[in-house]
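Heads up, the thing below is written out as structure tokens.
We use all heavy atoms of the structure for the numbers below, so side chains are in, but hydrogens, waters and symmetry mates are not.
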Amino acid sequence: MAIATVNPASGQTLRTFEPYPAAAIEQRLARAEETFAEYRLTDFAHRARLMHRAAELLDADQETIAELMTTEMGKPLAAARAEAAKCAKAMRWYADRAPGLLADEHPAPEDVTDAGAARAWVRYRPLGVVLAVMPWNFPLWQVIRFAAPALMAGNVGLLKHASNVPQTALYLEDLFRGAGFPEGCFQTLLIDSRAVEGVLRDPRVAAATLTGSEGAGRSVASVAGDEVKKTVLELGGSDPFVVLPSADVAAAAAKAVTARVQNNGQSCIAAKRFIVHTAVYEEFTAAFSARMAALRVGDPMAEATEVGPLATRQGRDELAELVEDALAQGARVEAQAKVPAELGEGWYYPPTVLSGITEQMRIHHEEAFGPVATLYRAEDLADAVRLANDTPFGLSSNVWTTDPAEQERFVRDIQAGGVFFNGMTASHPALPFGGVRRSGYGRELSGHGIREFCNTTTVWIAAEV
């Protein structure tokens, strides 16, 4: 795949980049190693000043970077602005809280004296150079939620971004350098995906984090396992959105639309499977379908646009294949928004609601990465739980019920990294983010995320004899 900015609203190639040659990759690896040797010795106050400065620069650049993200991957401009603001917030959150999140931990003295220790404690130390392999769907946020905690912990980062967002990738390198971080603290590698293995196997790289497809995750995990290197993987998701009779059905239907079409439907944590109790199925389906059909599809640079194009032609075609397979096997279209003819050659796909889904259909098992929702009728609570878990993924989940017993049932039984009641899944710096099963392992964000790439070190001092 070429490293290029291709506007998904028009299909026009705007700018191309040559992959870095071996010599340039070596130069960046050497610089990262050299920088880590010094940067790891800096204190939290110094790192925090740099991180706050980076957040200030990002705020000042909000409109420029928002337009760049929209140009490169097609998200509505308003959503791009919100993404930039969210990134600056997370940078400040980690700048202010890293000292507490990574503070030494001291067990009770009586718990260690019987082991012959006068004192013992746990210290979190940085691992070193961390390689981040990141996707295009949230081209700023996905990187910042790795970079902010990693840099605050004293690590340095190498970014291999998706090949269709190269300018955003280069902006991120400039952002950290402009904030005063040493040049080797955060570097972008404009490389083909085939070059990732060589970088990951390099002994100067200590660990890796990847957000992306299941296939990409398997590849990185395999290489890292062979090299015995730590990895964090956030892969696909097919999140359930469960509506039970005690829910405010109108509110659930309204939120369901946002949960499905956020980021043009291209989000791992977007709700994709809508599992509705039979008692409220008809009411929810009517309200949800009407709202989906009324969505404004258009130029992502236009303020009124609610759904823009998919990021790649391949992604649009793969989504169409999933829908065609379902329709050929008996699925029904409950609603479909219109794509204006004047949009031309862009990679648009109409927001669509499908019902009558069966286990034989690909869309039942595969992630629909675009604005297509699938509806399921649940006969009772147990059936809703069964359907929610009937997926190989386990990233997050949404459940609409005001019944405490039903809420506890889902907390106990849902196979996912999160369960959000009477709202939609969202990521926040204070809360851990990640999944189970084929959605990956490890956690990003919160204290759990910053400690993923730390050496958890036991310190033991013997008692005097």
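- Counting heavy-atom neighbours within 6.0 Å of Glu110 CD, excluding the residue itself, gives a total above 12.
- Ion pairing of Arg204 with Glu26 is present here, as a side-chain N (NZ or NE/NH1/NH2) and a carboxylate O approach within less than 4.0 Å.
- Judged purely by atom type and a 3.5 angstrom limit, Glu173 uses its side chain to pair as donor or acceptor with the backbone of Thr188.
- Nearest heavy-atom pair, Asn263 versus Asn137, reported as atom, atom and distance to 0.1 Å: ND2-O, 2.9 Å.
- Legend: salt bridge (charged side-chain N to carboxylate O under 4.0 Å, His left out) pairs involving residues 384-407, not counting sequence neighbours, sorted by first then second residue: Asp383-Arg386.
- With hydrogens and angles ignored, the 3.5 Å screen pairs no side-chain donor or acceptor of Arg316 with any backbone N or O of Thr312.
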When the side chains of residues 428-436 are checked against the rest of the protein, which donor-acceptor pairs come out under 3.5 Å, sequence neighbours left out?
residue : atom : partner : partner atom : Å
His428  : ND1  : Ala430  : N            : 3.0

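- Not a single donor-acceptor pair under 3.5 Å links the side chain of Asn398 to the backbone N or O of Phe420.
- Salt bridge status for Glu367 with Lys272: present, with a side-chain N to carboxylate O gap under 4.0 Å.
- Listed here is the closest heavy atom pair of Ile3 and Leu190: CD1-C, 3.8 Å.
- Legend: residues meeting salt bridge (Lys or Arg N to Asp or Glu O under 4.0 Å) with Arg218, ordered by chain and number and at least two apart, are Glu214.
- Thr168 and Glu72 share a donor-acceptor pair across their side chains, judged by distance under 3.5 Å alone.
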